[in-house]
Amino acid sequence: ETLEDYMRASGMKSDHRVEGSLHHFMIQHGLGMNWSLLTEQLLKEIFHEFLPDTRVKAQTTETTVIVTISLGADFNEHEY
């Protein structure tokens, strides 16, 4: 939820999609590969802090970061 608020305030697009137990967090920006790598690492650190035994998969390009993690079908970031 905090990430969504930050993205909205900074003018970047973000999306959260759920496919069964998999959650996909997508961030689109125009700031280049360094920003993508920073964002990827930040998201991995956040998830690792709360779910240290859960694997995080990331797809990163110069304009997009997609992080996928199994959080369960009933996970709601607004209630976490």
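- Interatomic distance, His16 NE2 to Met26 CE, rounded to the nearest 0.5 Å: 8.5 Å.
- The minimum heavy-atom distance between Ile46 and Phe50, with the atom names listed, is O-CD1, 3.2 Å.
- The CG atom of Leu71 lies 6.0 Å from the CG atom of Leu51; values are rounded to the nearest 0.5 Å.
- Partners of His48 under the side chain to side chain donor-acceptor pair (under 3.5 Å) rule, at least two apart in sequence or in another chain, do not exist in this structure.
- Sorted by first and then second residue, the salt bridge (Lys or Arg N to Asp or Glu O under 4.0 Å) pairs with a member in residues 50-70 form an empty list; sequence neighbours excluded.
- For the side-chain contact (heavy atoms from CB on, under 4.5 Å) test, residues two or more places apart in sequence or in another chain that qualify with Thr64 are Gln28, Thr61, Ile66.
- The pair Arg17-Asp15 meets the salt-bridge criterion, with a side-chain N (NZ, NE, NH1 or NH2) lying under 4.0 Å from an Asp/Glu carboxylate O.
- With sequence neighbours left out, the side chain to side chain donor-acceptor pair (under 3.5 Å) criterion links Glu45 to Gln41.
- For the residue pair Ser36 and His29, a side-chain donor N or O sits within less than 3.5 Å of a side-chain acceptor on the partner.
- For the side-chain contact (heavy atoms from CB on, under 4.5 Å) test, residues two or more places apart in sequence or in another chain that qualify with Leu37 are Met33, Glu40, Thr60.
- Sorted pairs that involve residues 24-36 and meet salt bridge (Lys or Arg N to Asp or Glu O under 4.0 Å), not counting sequence neighbours, are lacking altogether.
- By the 4.5 Å heavy-atom criterion applied to side chains, His24 and Ile69 are not counted as neighbours.
- Among pairs with a residue in residues 23-39, none fulfils salt bridge (Lys or Arg N to Asp or Glu O under 4.0 Å), at least two apart in sequence or across chains.
- When the side chains of ILVMFWY residues are joined at heavy-atom separations under 4.5 Å, either directly or via intervening members, Leu42 and Val65 end up in a single hydrophobic cluster.
- Here the straight-line distance linking atom CG of Leu31 with atom CG of Leu38 works out to 10.5 Å at 0.5 Å rounding.
- Taking the side chain as every heavy atom from C-beta outward, Phe47 and Glu49 never approach each other to under 4.5 Å.
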